[in-house]
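Read the numbers this way: they start at 1 and go in the same order the structure lists the ligands and their atoms. Position 1 is the first residue of the sequence; numbering continues from there.
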Amino acid sequence: MNWKEILDKSVVSAEGLTGIPGAEVEEISRVAGVYPMRINPYWLKLMKKAGAPLWRQAVPCADELTDSPLLEDPLCEEKDSPVFGLTHRYPDRVIFLVSNRCALYCRHCMRKRKVGKHAGAVTDATIEAGLAYIEQTPAVRDVIVTGGDPLLVDDDKIEFILKRLSAIPHVEMIRIHTRVPATLPMRITAELCAVLSRCEKLWLNTHFNHPAEFTPEAEKALRLLNRTGAPLGCQTVLLKGVNDSPAVMAELMRKLTKNRVRPYYIHHGDAVKGTGHFRTSIETGLAVVNGLRGHLSGLCVPAYVIDLPGGGGKVPLLPESILDQDAKSLTVKGYDGKTYTYPL
Ligand SMILES: *Cc1c(COP(=O)(O)O)cnc(C)c1O
Ligand code: SF4
């Protein structure tokens, strides 16, 4: 089966999970009516039992409907949007949505208000408007091609978008942000990689959240992507019940770097409506970072960031390491937990 045939066989309604132990069909149906569900056969086979990390990321849960103080768009992506599907917040870079569909609808998605919904639909006309904005805005040197998942778009349309962006002299970097290496690795075909390898400005960020996402198929997809020459990164979301422990996160970072993917960010879960049950405390996030730094190569340690509400942007958080300071020295905590004196 090719990737489209696999995708077509996805479970998109609660009935499709009937008979799977732990699947509460009535509850799933209620939630999926608000936030779309899509679990493709590849993920369905991997996700094991109720409550397991891959299950939690994919199966609708009643908690999605009960975190009402949270907002749909706390980061104000729409406010900073000069044309539909494009967010221009930082001076030199934009987010450019070229699809609102995904190979799996992650329950923790920060664009839950849009993905898989008709109102969030991207069309050829919205893509054209986004391209025109970028062409006419010389400040934009970095374009983040995202969605939804940009790699759910056909190869020829991806090639069209990459060619148009590549031809803009002020665009010096193009980044594709995609979760398909984890959720539908069969999408990474030789044909797609040929398209990607023709774009010399390309970087590619994946989104892996748990070591169990590294199957032989996913590792093959990463091998193919590495050969395109695009530097590979990963944006992980800190998720309660999925990866909120130093041991799981360290294992995830080892898997990434073993596959030559450079961990870029660990995102603290944004305060997005429908995702509150995934949010951990900041202390948990800092403990996770503490479990990485020094214990693993610096290449295995991404920045842990919070994204400020209202469009304030991302800010990295670090565990406190300076314990004391005087005119002659700093007192610093090492990764081993011991206290050291650093001369000034
Ligand atoms: C995260 C984000 C970016 C990209 O930020 P980097 O730190 O460069 O990866 C760009 N625009 C918006 C609105 C963002 O939220
Ligand atoms: S793949 Fe990305 S955009 Fe799509 S549902 Fe998951 S987190 Fe959201």
Engineer: Taking the six-membered ring for Trp, are Tyr105 and Tyr35 ring centroids under 6.0 Å apart?
Structural biologist: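 Centroid distance Tyr105-Tyr35: not below 6.0 Å, so no.
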Engineer: Tell me whether Lys4 is salt-bridged to Asp154, with the criterion being a basic N under 4.0 Å from an acidic carboxylate O.
Structural biologist: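 Yes, charged N to carboxylate O under 4.0 Å.
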Engineer: Does a donor on one side chain and an acceptor on the other come within less than 3.5 Å for Tyr335 and His295?
Structural biologist: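 Not at all, the side chains of Tyr335 and His295 share no donor-acceptor pair under 3.5 Å.
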Engineer: When you look for heavy atoms under 4.0 Å from ligand 1, do you find them on the side chain of Ile144, its backbone, both, or neither?
Structural biologist: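 Ile144 to ligand 1: side-chain contact only, backbone stays beyond 4.0 Å.
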Engineer: Is any side-chain N of the basic residue among Asp73 and Lys114 closer than 4.0 Å to the acidic one's carboxylate O?
Structural biologist: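 Between Lys114 and Asp73 there is no salt bridge, as every charged N stays at least 4.0 Å from the carboxylate O atoms.
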Engineer: Under 4.0 Å from a heavy atom of Arg89: give me the atoms of ligand 1 that qualify, with their elements.
Structural biologist: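 Those qualifying, in numeric order: 13 (C), 15 (O).
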Engineer: At a threshold of 2.8 Å, where the distance has to be below it, does atom 4 (Fe) of ligand 2 have an N, O or S atom of Cys109 nearby?
Structural biologist: no
Engineer: Please work out, at 4.0 Å between heavy atoms, whether the side chain, the backbone, both, or neither of Lys112 comes within that distance of ligand 2.
Structural biologist: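 Within the 4.0 Å criterion, Lys112 makes no contact with ligand 2.
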Engineer: Tell me which protein heavy atom sits closest to atom 4 (Fe) of ligand 2, plus the residue, atom name and distance to 0.1 Å.
Structural biologist: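 Looking at atom 4 (Fe) of ligand 2, the protein heavy atom closest to it is Cys102 SG, 2.3 Å.
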Engineer: Can you tell me if Cys106 has an N, O or S atom under 2.8 Å away from atom 6 (Fe) of ligand 2?
Structural biologist: yes
Engineer: Considering only the protein, which heavy-atom contact is closest to atom 10 (C) of ligand 1, and what is its distance?
Structural biologist: Tyr90 CD1, 3.5 Å
Engineer: Is it the case that the side chain of Lys201 and the backbone of Ser166 share a donor-acceptor pair, with hydrogens and angles ignored and the cut-off at 3.5 Å?
Structural biologist: yes
Engineer: Measuring from the heavy atoms of Arg175, does anything fall under 4.0 Å of ligand 1?
Structural biologist: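 In this structure, Arg175 qualifies as a contact of ligand 1 - some heavy atom is under 4.0 Å.
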Engineer: Between Lys255 and Glu213, is the closest basic N to carboxylate O distance under 4.0 Å?
Structural biologist: no
Engineer: Taking the six-membered ring for Trp and the single ring otherwise, decide whether the centroids of His267 and His108 are under 6.0 Å apart.
Structural biologist: no
Engineer: Provide the number and element of each atom of ligand 2 under 4.0 Å from a heavy atom of Arg179.
Structural biologist: 1 (S)
Engineer: Restricting to N/O/S atoms, is His108 within less than 2.8 Å of atom 8 (Fe) of ligand 2 or not?
Structural biologist: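 Short answer: no, not a single N, O or S atom is under the cut-off.
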Engineer: Quick check on contacts: which atoms of ligand 1 are under 4.0 angstrom from a heavy atom of Thr87?
Structural biologist: 13 (C)
Engineer: Quick one: pull up CG in Leu184 and OH in Tyr42 and give me the separation to the nearest 0.5 Å.
Structural biologist: 8.5 Å
Engineer: Is a salt bridge present between Glu251 and Arg254, judged by a nitrogen-to-oxygen distance below 4.0 Å?
Structural biologist: yes
Engineer: Look at Glu26 together with Arg30 and state whether they make a salt bridge at an N to O cut-off of under 4.0 Å.
Structural biologist: yes
Engineer: For atom 12 (C) of ligand 1, what is the closest protein heavy atom, and at what distance to 0.1 Å?
Structural biologist: Ile95 CD1, 3.3 Å
Engineer: If you measure from the Lys or Arg side-chain nitrogens to the Asp or Glu carboxylate oxygens, is any gap between Asp155 and Arg187 under 4.0 Å?
Structural biologist: yes
Engineer: What is the closest protein heavy atom to atom 2 (Fe) of ligand 2, and at what distance does it sit?
Structural biologist: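 Here the nearest protein heavy atom works out to His207 ND1, 4.3 Å.
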Engineer: Heavy-atom distance to atom 15 (O) of ligand 1: which of His88, Lys314, Arg93 wins?
Structural biologist: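 Selected option, by shortest heavy-atom distance: Lys314.
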Engineer: Measuring from non-hydrogen atoms of Leu104 to any atom of ligand 2, is the shortest distance under 4.0 Å?
Structural biologist: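 The answer is yes, since Leu104 has a heavy atom less than 4.0 Å from ligand 2.
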Engineer: What is the closest protein heavy atom to atom 7 (O) of ligand 1, and at what distance does it sit?
Structural biologist: Tyr265 OH, 2.5 Å
Engineer: Say whether Arg111 and ligand 2 are in contact under the criterion: heavy-atom distance to a ligand atom below 4.0 Å.
Structural biologist: no
Engineer: Output the list of atoms in ligand 1 that are nearer than 4.0 Å to some heavy atom of Tyr264, sorted by atom number.
Structural biologist: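 Listed by number with element: 6 (P), 7 (O), 8 (O), 9 (O).
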